[in-house]
Engineer: 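Before we start, here is the structure in question, set down as C-alpha coordinates.
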There are 2 protein chains.
Amino acid sequence: MNDKKDQIAISEILSKAGVNPTAQRIAVFKYVHNESDHPTPEQVKVAVDRVFPKISLATVYNTLNALVEAGLVKAVKLPNSGKVCYDANTAKHYHFIDEKQGLLLDLDLKDIKIDLNLSTQFEVKDVDVFIKGHYSG
Amino acid sequence: MNDKKDQIAISEILSKAGVNPTAQRIAVFKYVHNESDHPTPEQVKVAVDRVFPKISLATVYNTLNALVEAGLVKAVKLPNSGKVCYDANTAKHYHFIDEKQGLLLDLDLKDIKIDLNLSTQFEVKDVDVFIKGHYSG
DNA sequence: TTAAAAATATAGAATTATTCTAATGTGGGT
DNA sequence: ACCCACATTAGAATAATTCTATATTTTTAA
Ligand SMILES: [Mn+2]
Ligand SMILES: [Mn+2]
Ligand SMILES: [Zn+2]
Ligand SMILES: [Zn+2]
(Lines give C-alpha, C1' and ligand atoms only; values in the text may rest on other atoms or scores of the structure.)
(Ligands and ions follow the chains in the order given, each with its own letter.)
Protein backbone atom coordinates (compact mmCIF):
# COMPACT_ATOMS: atom_id res chain seq x y z
CA MET A 1 0.00 0.00 0.00
CA ASN A 2 2.85 2.27 0.82
CA ASP A 3 4.01 1.49 -2.65
CA LYS A 4 0.79 2.74 -4.12
CA LYS A 5 1.08 5.98 -2.16
CA ASP A 6 4.64 6.41 -3.35
CA GLN A 7 3.57 5.97 -6.92
CA ILE A 8 0.89 8.59 -6.63
CA ALA A 9 3.24 11.06 -4.98
CA ILE A 10 5.91 10.39 -7.60
CA SER A 11 3.35 10.71 -10.32
CA GLU A 12 2.43 14.14 -9.12
CA ILE A 13 6.03 15.28 -8.93
CA LEU A 14 6.56 14.21 -12.51
CA SER A 15 3.38 15.85 -13.75
CA LYS A 16 4.18 19.13 -12.05
CA ALA A 17 7.58 19.11 -13.70
CA GLY A 18 6.04 18.52 -17.10
CA VAL A 19 7.09 14.89 -17.42
CA ASN A 20 4.32 12.55 -18.45
CA PRO A 21 4.18 9.99 -15.62
CA THR A 22 4.32 6.70 -17.43
CA ALA A 23 4.86 3.48 -15.50
CA GLN A 24 8.48 3.28 -16.60
CA ARG A 25 9.22 6.85 -15.66
CA ILE A 26 7.59 6.44 -12.28
CA ALA A 27 9.68 3.34 -11.60
CA VAL A 28 12.90 5.07 -12.63
CA PHE A 29 12.28 8.21 -10.62
CA LYS A 30 11.06 6.29 -7.60
CA TYR A 31 14.32 4.39 -7.55
CA VAL A 32 16.54 7.42 -8.03
CA HIS A 33 14.53 9.56 -5.65
CA ASN A 34 13.51 7.19 -2.85
CA GLU A 35 15.54 4.05 -3.00
CA SER A 36 19.10 4.80 -3.97
CA ASP A 37 21.95 7.22 -3.70
CA HIS A 38 23.71 8.51 -6.82
CA PRO A 39 23.02 5.44 -8.96
CA THR A 40 24.45 4.90 -12.41
CA PRO A 41 22.17 4.17 -15.37
CA GLU A 42 23.16 0.53 -15.19
CA GLN A 43 22.18 0.39 -11.51
CA VAL A 44 18.89 2.01 -12.35
CA LYS A 45 18.29 -0.58 -15.04
CA VAL A 46 19.00 -3.48 -12.68
CA ALA A 47 16.79 -2.07 -9.94
CA VAL A 48 13.88 -1.18 -12.17
CA ASP A 49 14.12 -4.55 -13.89
CA ARG A 50 13.26 -6.23 -10.62
CA VAL A 51 9.80 -4.69 -10.67
CA PHE A 52 9.40 -3.91 -14.36
CA PRO A 53 11.15 -6.70 -16.20
CA LYS A 54 10.88 -5.48 -19.76
CA ILE A 55 12.23 -1.97 -19.53
CA SER A 56 14.73 -1.17 -22.21
CA LEU A 57 18.08 0.39 -21.47
CA ALA A 58 17.22 3.10 -23.98
CA THR A 59 14.18 3.97 -21.90
CA VAL A 60 16.32 4.22 -18.79
CA TYR A 61 18.62 6.65 -20.56
CA ASN A 62 15.73 8.55 -22.14
CA THR A 63 14.01 8.86 -18.80
CA LEU A 64 17.10 9.94 -16.91
CA ASN A 65 17.74 12.57 -19.57
CA ALA A 66 14.14 13.73 -19.36
CA LEU A 67 14.37 13.99 -15.59
CA VAL A 68 17.54 16.06 -15.87
CA GLU A 69 15.88 18.23 -18.49
CA ALA A 70 12.93 18.75 -16.14
CA GLY A 71 15.23 19.63 -13.27
CA LEU A 72 14.15 16.68 -11.14
CA VAL A 73 17.58 15.10 -10.95
CA LYS A 74 21.10 16.16 -11.72
CA ALA A 75 23.70 14.23 -13.66
CA VAL A 76 27.08 14.14 -11.95
CA LYS A 77 30.12 13.14 -13.93
CA LEU A 78 32.81 12.00 -11.56
CA PRO A 79 36.08 13.77 -12.28
CA ASN A 80 38.38 10.77 -12.06
CA SER A 81 36.50 7.66 -13.05
CA GLY A 82 34.39 9.59 -15.53
CA LYS A 83 31.40 7.55 -14.48
CA VAL A 84 28.05 9.26 -14.51
CA CYS A 85 25.58 9.01 -11.71
CA TYR A 86 22.23 10.61 -11.08
CA ASP A 87 21.56 12.77 -8.12
CA ALA A 88 18.11 13.19 -6.62
CA ASN A 89 19.44 16.00 -4.49
CA THR A 90 18.82 18.98 -6.73
CA ALA A 91 19.75 21.52 -4.11
CA LYS A 92 23.18 22.98 -4.61
CA HIS A 93 25.69 20.79 -2.82
CA TYR A 94 29.13 19.32 -3.13
CA HIS A 95 30.48 15.80 -3.15
CA PHE A 96 32.97 13.73 -1.26
CA ILE A 97 34.47 10.87 -3.23
CA ASP A 98 36.10 7.84 -1.67
CA GLU A 99 37.30 5.99 -4.73
CA LYS A 100 38.79 3.15 -2.76
CA GLN A 101 35.44 2.31 -1.22
CA GLY A 102 33.38 3.44 -4.18
CA LEU A 103 31.54 6.03 -2.11
CA LEU A 104 29.94 9.26 -3.22
CA LEU A 105 28.64 11.36 -0.37
CA ASP A 106 26.79 14.63 -0.31
CA LEU A 107 28.39 17.55 1.45
CA ASP A 108 26.31 20.38 2.67
CA LEU A 109 27.00 23.87 1.36
CA LYS A 110 27.59 25.12 4.85
CA ASP A 111 30.52 22.76 5.34
CA ILE A 112 32.48 24.31 2.53
CA LYS A 113 33.18 27.98 2.25
CA ILE A 114 34.48 29.13 -1.09
CA ASP A 115 35.90 32.58 -1.65
CA LEU A 116 36.48 33.56 -5.24
CA ASN A 117 38.76 36.40 -6.14
CA LEU A 118 38.47 36.37 -9.90
CA SER A 119 38.86 39.30 -12.22
CA THR A 120 35.66 40.68 -13.72
CA GLN A 121 36.32 38.82 -16.97
CA PHE A 122 35.10 35.70 -15.22
CA GLU A 123 31.36 35.62 -14.93
CA VAL A 124 30.69 32.71 -12.60
CA LYS A 125 27.56 30.66 -13.17
CA ASP A 126 28.29 27.55 -11.17
CA VAL A 127 30.89 26.00 -8.92
CA ASP A 128 31.55 22.27 -8.79
CA VAL A 129 33.57 20.88 -5.92
CA PHE A 130 34.74 17.32 -5.51
CA ILE A 131 36.58 16.42 -2.36
CA LYS A 132 38.50 13.23 -2.62
CA GLY A 133 39.80 11.16 0.22
CA HIS A 134 38.99 8.43 2.65
CA TYR A 135 35.76 8.17 4.60
CA SER A 136 35.69 6.24 7.85
CA GLY A 137 32.06 5.92 8.74
CA MET B 1 67.58 24.76 -34.10
CA ASN B 2 65.29 25.86 -31.37
CA ASP B 3 63.43 22.71 -32.13
CA LYS B 4 66.51 20.64 -31.52
CA LYS B 5 67.07 22.34 -28.18
CA ASP B 6 63.46 21.73 -27.24
CA GLN B 7 63.83 18.08 -28.05
CA ILE B 8 66.89 17.75 -25.88
CA ALA B 9 65.27 19.55 -22.97
CA ILE B 10 62.11 17.45 -23.32
CA SER B 11 64.20 14.34 -23.61
CA GLU B 12 65.85 15.11 -20.30
CA ILE B 13 62.57 15.76 -18.57
CA LEU B 14 61.26 12.41 -19.71
CA SER B 15 64.40 10.57 -18.70
CA LYS B 16 64.41 12.12 -15.25
CA ALA B 17 60.83 11.02 -14.77
CA GLY B 18 61.67 7.48 -15.80
CA VAL B 19 60.00 7.60 -19.20
CA ASN B 20 62.19 6.34 -22.01
CA PRO B 21 62.38 9.29 -24.43
CA THR B 22 61.43 7.80 -27.76
CA ALA B 23 60.73 10.04 -30.73
CA GLN B 24 56.99 9.53 -30.37
CA ARG B 25 56.99 10.31 -26.68
CA ILE B 26 59.08 13.42 -27.19
CA ALA B 27 56.68 14.67 -29.84
CA VAL B 28 53.64 14.02 -27.65
CA PHE B 29 55.08 15.65 -24.56
CA LYS B 30 56.46 18.59 -26.51
CA TYR B 31 53.01 19.32 -27.81
CA VAL B 32 51.26 18.95 -24.47
CA HIS B 33 53.96 20.82 -22.58
CA ASN B 34 55.06 23.59 -24.94
CA GLU B 35 52.55 24.03 -27.70
CA SER B 36 49.06 23.58 -26.41
CA ASP B 37 46.70 24.09 -23.54
CA HIS B 38 44.66 21.22 -22.13
CA PRO B 39 44.49 19.22 -25.36
CA THR B 40 42.41 16.09 -25.82
CA PRO B 41 44.02 12.87 -27.10
CA GLU B 42 42.51 13.54 -30.50
CA GLN B 43 44.07 17.00 -30.62
CA VAL B 44 47.39 15.52 -29.61
CA LYS B 45 47.10 12.99 -32.41
CA VAL B 46 46.34 15.66 -35.02
CA ALA B 47 49.17 17.89 -33.87
CA VAL B 48 51.77 15.17 -33.63
CA ASP B 49 50.68 13.80 -36.98
CA ARG B 50 51.83 17.02 -38.64
CA VAL B 51 55.42 16.26 -37.71
CA PHE B 52 55.31 12.52 -37.20
CA PRO B 53 52.82 11.21 -39.72
CA LYS B 54 52.70 7.58 -38.77
CA ILE B 55 52.00 7.73 -35.06
CA SER B 56 49.24 5.45 -34.01
CA LEU B 57 46.35 6.55 -31.84
CA ALA B 58 47.19 3.73 -29.48
CA THR B 59 50.65 5.20 -29.03
CA VAL B 60 49.15 8.58 -28.25
CA TYR B 61 46.99 7.01 -25.55
CA ASN B 62 49.83 4.84 -24.27
CA THR B 63 52.13 7.83 -24.08
CA LEU B 64 49.62 10.09 -22.38
CA ASN B 65 48.95 7.36 -19.83
CA ALA B 66 52.67 6.90 -19.28
CA LEU B 67 53.11 10.63 -18.79
CA VAL B 68 50.32 10.70 -16.23
CA GLU B 69 51.83 7.69 -14.50
CA ALA B 70 55.17 9.48 -14.35
CA GLY B 71 53.57 12.60 -12.95
CA LEU B 72 54.52 14.77 -15.92
CA VAL B 73 50.97 15.63 -16.91
CA LYS B 74 47.58 15.37 -15.30
CA ALA B 75 44.43 14.01 -16.85
CA VAL B 76 41.43 16.25 -16.30
CA LYS B 77 38.00 14.83 -16.85
CA LEU B 78 35.58 17.66 -17.36
CA PRO B 79 32.56 17.29 -15.10
CA ASN B 80 29.88 18.11 -17.62
CA SER B 81 31.06 17.20 -21.08
CA GLY B 82 33.00 14.25 -19.72
CA LYS B 83 35.76 14.96 -22.20
CA VAL B 84 39.27 14.25 -21.05
CA CYS B 85 42.12 16.62 -21.56
CA TYR B 86 45.72 16.60 -20.52
CA ASP B 87 47.22 19.25 -18.37
CA ALA B 88 50.89 20.14 -18.47
CA ASN B 89 50.41 22.25 -15.37
CA THR B 90 51.11 19.72 -12.67
CA ALA B 91 51.06 22.25 -9.87
CA LYS B 92 47.86 22.21 -7.87
CA HIS B 93 45.39 24.54 -9.52
CA TYR B 94 41.74 24.87 -10.41
CA HIS B 95 39.87 25.33 -13.66
CA PHE B 96 37.43 27.72 -15.16
CA ILE B 97 35.19 26.22 -17.82
CA ASP B 98 33.37 28.22 -20.46
CA GLU B 99 31.41 25.52 -22.22
CA LYS B 100 29.82 27.90 -24.68
CA GLN B 101 33.20 28.95 -26.00
CA GLY B 102 34.91 25.63 -25.35
CA LEU B 103 37.44 27.21 -23.04
CA LEU B 104 39.32 25.63 -20.17
CA LEU B 105 41.41 28.09 -18.21
CA ASP B 106 43.74 27.61 -15.29
CA LEU B 107 42.94 29.39 -12.07
CA ASP B 108 45.63 30.07 -9.58
CA LEU B 109 45.28 28.64 -6.09
CA LYS B 110 45.48 32.11 -4.60
CA ASP B 111 42.33 33.21 -6.42
CA ILE B 112 40.20 30.62 -4.69
CA LYS B 113 40.06 30.23 -0.97
CA ILE B 114 38.42 27.05 0.26
CA ASP B 115 37.50 26.48 3.86
CA LEU B 116 36.48 22.96 4.77
CA ASN B 117 34.55 22.24 7.91
CA LEU B 118 34.20 18.50 7.69
CA SER B 119 33.88 16.07 10.51
CA THR B 120 36.94 13.98 11.30
CA GLN B 121 35.45 11.01 9.42
CA PHE B 122 36.46 12.75 6.23
CA GLU B 123 40.14 12.44 5.54
CA VAL B 124 40.74 14.83 2.67
CA LYS B 125 43.36 13.92 0.11
CA ASP B 126 42.51 16.22 -2.76
CA VAL B 127 40.10 18.95 -3.76
CA ASP B 128 38.90 19.46 -7.31
CA VAL B 129 37.19 22.69 -8.22
CA PHE B 130 35.56 23.54 -11.51
CA ILE B 131 34.15 26.99 -11.95
CA LYS B 132 31.74 27.26 -14.79
CA GLY B 133 30.62 30.40 -16.49
CA HIS B 134 31.36 32.88 -19.21
CA TYR B 135 34.77 34.32 -19.93
CA SER B 136 35.07 37.64 -21.70
CA GLY B 137 38.70 38.01 -22.59
C1' DT C 1 79.78 -7.61 -34.84
C1' DT C 2 76.05 -10.13 -34.35
C1' DA C 3 72.13 -12.40 -32.49
C1' DA C 4 69.03 -12.87 -28.94
C1' DA C 5 66.14 -10.25 -25.76
C1' DA C 6 63.54 -6.40 -24.32
C1' DA C 7 61.02 -2.47 -25.15
C1' DT C 8 58.07 0.18 -28.08
C1' DA C 9 55.00 1.15 -31.85
C1' DT C 10 51.53 -0.18 -34.96
C1' DA C 11 46.90 -1.51 -37.05
C1' DG C 12 42.95 -3.03 -36.20
C1' DA C 13 39.73 -5.63 -33.15
C1' DA C 14 37.30 -5.43 -28.85
C1' DT C 15 34.95 -3.10 -25.15
C1' DT C 16 32.08 0.19 -22.92
C1' DA C 17 28.92 3.93 -22.50
C1' DT C 18 25.59 6.34 -24.79
C1' DT C 19 22.61 7.76 -28.55
C1' DC C 20 20.06 6.88 -32.66
C1' DT C 21 16.73 4.50 -35.68
C1' DA C 22 12.91 2.40 -37.13
C1' DA C 23 9.21 -0.33 -35.78
C1' DT C 24 5.69 -1.19 -32.38
C1' DG C 25 2.72 -0.25 -28.54
C1' DT C 26 -0.49 2.71 -25.61
C1' DG C 27 -3.95 5.84 -23.79
C1' DG C 28 -6.83 9.90 -23.95
C1' DG C 29 -9.85 12.49 -26.92
C1' DT C 30 -13.08 12.23 -30.82
C1' DA D 1 -13.92 1.90 -32.03
C1' DC D 2 -10.48 5.00 -34.25
C1' DC D 3 -6.78 8.52 -34.25
C1' DC D 4 -2.78 10.44 -33.07
C1' DA D 5 0.71 12.06 -30.42
C1' DC D 6 3.74 10.19 -27.45
C1' DA D 7 6.43 6.53 -25.42
C1' DT D 8 8.86 2.18 -25.54
C1' DT D 9 11.53 -1.28 -27.55
C1' DA D 10 15.42 -3.98 -29.71
C1' DG D 11 19.07 -3.55 -31.88
C1' DA D 12 22.29 -0.76 -34.80
C1' DA D 13 25.38 3.06 -34.74
C1' DT D 14 28.80 6.04 -32.65
C1' DA D 15 32.61 7.52 -29.88
C1' DA D 16 36.25 7.02 -26.54
C1' DT D 17 39.46 4.03 -24.88
C1' DT D 18 41.88 -0.28 -24.26
C1' DC D 19 43.48 -4.67 -25.84
C1' DT D 20 45.83 -7.96 -28.89
C1' DA D 21 48.88 -9.67 -31.92
C1' DT D 22 52.42 -8.38 -34.98
C1' DA D 23 56.24 -5.61 -36.48
C1' DT D 24 59.98 -2.53 -35.54
C1' DT D 25 63.57 -0.51 -32.93
C1' DT D 26 66.83 -0.47 -29.28
C1' DT D 27 69.62 -2.73 -25.88
C1' DT D 28 72.34 -6.32 -24.19
C1' DA D 29 75.85 -9.39 -24.24
C1' DA D 30 78.32 -13.29 -26.41
MN1 LIG E 1 27.08 6.26 -8.39
MN1 LIG F 1 40.81 20.28 -23.85
ZN1 LIG G 1 24.78 14.56 -4.50
ZN1 LIG H 1 45.01 23.19 -15.87
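Within every chain, numbering begins at 1; the chains are lettered A, B, ... in the order of the sequence lines, protein sequences first and strands thereafter. Note that this is a predicted model, so its numbers are computed, not measured. Computation of the quantities below employed the complete heavy-atom set of this structure, encompassing side-chain atoms and omitting hydrogens, waters and symmetry-equivalent molecules.
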Engineer: Can you build the contact string for nucleotides 22-30 of chain C? Use B for base contact, S for sugar-phosphate-only contact, and - for no protein heavy atom under 4.0 Å.
Structural biologist: ---------
Engineer: Rounded to whole Å, please give me the gap between CD in B/Glu69 and P in C/dA7.
Structural biologist: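 Rounded to whole Å, this separation is 16 Å.
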Engineer: Roughly how far apart are B/Phe130 CZ and A/Phe130 CZ, rounded to 0.5 Å?
Structural biologist: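 Rounded to the nearest 0.5 Å, the CZ-CZ separation comes to 7.0 Å.
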Engineer: What distance do B/Asp6 atom CG and B/Phe29 atom CZ have between them, rounded to the nearest 0.5 Å?
Structural biologist: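 Going from CG on B/Asp6 over to CZ on B/Phe29, the span is 11.5 Å.
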Engineer: Within this structure, what is the CG-to-C1' distance between B/Leu14 and C/dA7, rounded to whole angstrom?
Structural biologist: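 Computing the B/Leu14:CG to C/dA7:C1' distance gives 16 Å.
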Engineer: Taking B/Lys92 for its side chain and B/Val127 for its backbone only, find out whether a donor-acceptor pair lies under 3.5 Å.
Structural biologist: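 Side chain of B/Lys92 to backbone of B/Val127, a donor-acceptor pair under 3.5 Å: yes, one is there.
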Engineer: Atom NZ of B/Lys45 to atom P of D/dA15: distance rounded to whole Å?
Structural biologist: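 Those two atoms, NZ and P, are 16 Å apart.
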Engineer: Write down the distance between CD (A/Glu42) and P (C/dT19), rounded to a whole number of angstrom.
Structural biologist: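 After rounding, the reported distance stands at 14 Å.
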Engineer: Applying ring pair (Phe, Tyr, Trp, His ring centres under 6.0 Å), name anything that partners B/His134, two or more places apart in sequence or on another chain.
Structural biologist: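 By the ring pair (Phe, Tyr, Trp, His ring centres under 6.0 Å) rule, B/His134 matches no residue at all.
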Engineer: Identify each donor-acceptor pair in which a side-chain atom of residues 110-125 of chain A lies under 3.5 Å from a protein atom, sequence neighbours left out, and give them as a table.
Structural biologist:
{"from": "A/Ser119", "atom 1": "OG", "to": "A/Gln121", "atom 2": "N", "distance (Å)": "3.3"}
{"from": "A/Ser119", "atom 1": "OG", "to": "A/Gln121", "atom 2": "OE1", "distance (Å)": "3.1"}

Engineer: Could you tabulate the donor-acceptor pairs under 3.5 Å formed by side-chain atoms of residues 57-75 of chain B, not counting sequence neighbours?
Structural biologist:
{"from": "B/Asn62", "atom 1": "ND2", "to": "B/Ala58", "atom 2": "O", "distance (Å)": "3.3"}
{"from": "B/Thr63", "atom 1": "OG1", "to": "B/Thr59", "atom 2": "O", "distance (Å)": "2.8"}
{"from": "B/Asn65", "atom 1": "ND2", "to": "B/Tyr61", "atom 2": "O", "distance (Å)": "3.3"}

Engineer: Figure out the CZ/P separation between B/Phe29 and C/dT8, and round it to whole Å.
Structural biologist: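 Interatomic distance, CZ of B/Phe29 to P of C/dT8: 17 Å.
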Engineer: How many Å lie between OH on A/Tyr86 and P on C/dA17, as a whole number?
Structural biologist: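 Distance check: A/Tyr86 OH to C/dA17 P gives 13 Å.
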Engineer: What is the separation between atom NZ on A/Lys77 and atom P on C/dA17, rounded to the nearest whole Å?
Structural biologist: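 Rounded to the whole Å, the gap is 13 Å.
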Engineer: Look at the side-chain N and O atoms of B/Tyr61 and state whether any lies under 4.0 Å from the OP1 or OP2 oxygen of D/dT17.
Structural biologist: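 Result: yes.
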Engineer: Under a 3.5 Å threshold, yes or no: a donor from one side chain and an acceptor from the other, between B/Gln43 and B/Thr40?
Structural biologist: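 Yes, B/Thr40 and B/Gln43 have a side-chain donor paired with an acceptor closer than 3.5 Å.
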Engineer: The criterion is salt bridge (Lys or Arg N to Asp or Glu O under 4.0 Å); which residues satisfy it with B/Asp49, sequence neighbours excluded?
Structural biologist: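 Only B/Lys45 meet the salt bridge (Lys or Arg N to Asp or Glu O under 4.0 Å) criterion with B/Asp49.
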Engineer: How does protein reach along nucleotides 7-13 of chain D, written 5' to 3' as B (base within reach of a heavy atom under 4.0 Å), S (only sugar-phosphate), or - (no contact)?
Structural biologist: SSBBB--
Engineer: For the side chain of A/Asn20 and the backbone of A/Thr22, is there at least one donor-acceptor N/O pair under 3.5 Å apart?
Structural biologist: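 Checked: no pair found.
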